[in-house]
Amino acid sequence: MPELPEVESLRRILAGSAVGRTIVAATVREPRLRRALPGDLAATIAGRAILEIGRRAKYLLIELGGDLVLIVHLGMSGSLTYRRDGFDPGPFDPRHDHVEFMLDDGARLVYNDPRRFGLIKPIGRAALADSPELRGLGPEPFAPEFDAEYLWRATRGRRTAIKTLLMDQRIVAGVGNIYASEILFRAGVRPTRRAGRVSRAEAARIAALTPAVLAEAIGDGGTTFRSYRDSRGQPGRFAERLRVYDREGRPCPVCATAIRAATVGQRSSFYCPRCQK
DNA sequence: AAACATTCCTGCACGC
DNA sequence: TGCGTGCAGGAATGTT
């Protein structure tokens, strides 16, 4: 579900609903996520105010009082929903509502993650930037240093597929499987092309389209593929705008040629054989 | 019933 | 030979 646009959409929703509240208590129903939650998580965060909600790549950063930050990653199937009377995204899910934060206004934040590939990790603010999660990340797609020249250099001498490189979080942070296919479609470059064979002009197009496509998706509240819902229970509207992802056999929106599927770096990928060289 | 929106780790091949 | 790097593959897991 969650690539950068979905996490950013979540961040914005929580910025307007949860910031300023205090976590009065927390319940951990299932601590076995990708890594086990610390046994004292609930005690650690109880009583802390939610000061700010940030984001880095696909990580949500909940800044709490006392210089504590909660790093939250939604993995493949996670969601964090804001629930209160009259504003409830769905019924209680006893199997996958793993963690619940009770807020001082009576609302709750619920972390739900069926596959449990996600992460919730408290860390001191001073250690955040050097944490194993954030340390190796490349620039944000919206950062000025992620430009044509940067991407061009990053591709030189690389034999890996351009799509794999675009999804490499060390190169640029936040691009996942859905948006990589969409970006490369708009750039006219096949996902299977070796990165080292991308021209300077193509690298420039990809570098420009990466933030453009992500920004468009953020504006649409992200993409719903299968079951994703945002923090208010709404599906992401960008799903209707996908041009190639999960559209094998359907007509290319530009030239009507049938969209093809290919496996690149063990991930499903989609492209137009005519528009993408 | 095969596929899957993410990340992390292992091991092999290659080059210096 | 030994080491570092790049890359492929697999694993974690439950749902559709």
Within this structure, what is the [atom1]-to-[atom2] distance between [X] and [N], rounded to whole angstrom?
X       : N      : atom1 : atom2 : value
K121(A) : dT7(B) : NZ    : C1'   : 14 Å
R267(A) : dC4(B) : CZ    : C1'   : 8 Å
E248(A) : dA2(B) : CD    : P     : 17 Å
I178(A) : dC4(B) : CD1   : P     : 11 Å
Y179(A) : dC4(B) : OH    : P     : 17 Å

message: Give me each pair satisfying ring pair (Phe, Tyr, Trp, His ring centres under 6.0 Å) with a member in residues 180-216 of chain A, each pair once, sequence neighbours excluded.
response: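 For residues 180-216 of chain A: none.
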task: Could you list who else is in V264(A)'s hydrophobic cluster, with ILVMFWY side chains joined at under 4.5 Å, directly or through other members?
output: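 Answer for V264(A): none, a lone residue.
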message: Checking one residue: I71(A). Which other hydrophobic residues are in its cluster under the side-chain 4.5 Å linking rule?
response: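 Result for I71(A) is Y59(A), L61(A), V69(A), L119(A), I123(A), L128(A), L134(A), L137(A).
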- prompt: Salt-bridged, E3(A) to K58(A), with N to O below 4.0 Å?
  reply: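 Answer for the salt bridge query: no.
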Filter on salt bridge (charged side-chain N to carboxylate O under 4.0 Å, His left out), then keep only pairs touching [range], sequence neighbours left out; what's left?
range                       : result
residues 258-277 of chain A : none
residues 8-29 of chain A    : E8(A)-R11(A), E8(A)-R12(A), E8(A)-R55(A), R21(A)-D104(A), R21(A)-D105(A), R29(A)-E100(A)
residues 30-39 of chain A   : E30(A)-R32(A)
residues 174-183 of chain A : none

query: Does a nitrogen or oxygen in the side chain of H73(A) sit under 4.0 Å from OP1 or OP2 of dT7(B)?
result: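 The answer is yes; a side-chain N or O of H73(A) sits under 4.0 Å from OP1 or OP2.
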task: Would you give a per-nucleotide map of nucleotides 7-14 of chain C, 5' to 3', where B means the base has a protein non-hydrogen atom under 4.0 Å away, S means only the sugar-phosphate does, and - means neither?
output: SSBB-BBB
statement: A correct dot-bracket answer for DNA chain C, with pairs being Watson-Crick or G-U at under 3.5 Å, [ ] for crossing pairs and | for inter-strand pairs, is .|||||||||||.|||
query: How would you list, by chain and number, every residue that makes a side-chain contact (heavy atoms from CB on, under 4.5 Å) with R156(A), sequence neighbours excluded?
result: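 For R156(A), the residues satisfying side-chain contact (heavy atoms from CB on, under 4.5 Å) (neighbours in sequence not counted) are W152(A), V198(A).
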- request: List in chain and number order the residues that pass side-chain contact (heavy atoms from CB on, under 4.5 Å) with E52(A), two or more places apart in sequence or in another chain; answer none if no residue qualifies.
  value: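 Counting only residues at least two positions away or on another chain, E52(A) forms a side-chain contact (heavy atoms from CB on, under 4.5 Å) with E63(A).
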In one Ile/Leu/Val/Met/Phe/Trp/Tyr side-chain cluster, 4.5 Å: L109(A), L33(A):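 L109(A) and L33(A): one cluster.
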Could you run down the sub-3.5 Å N/O contacts of the protein with nucleotides 14-16 of chain B?
none

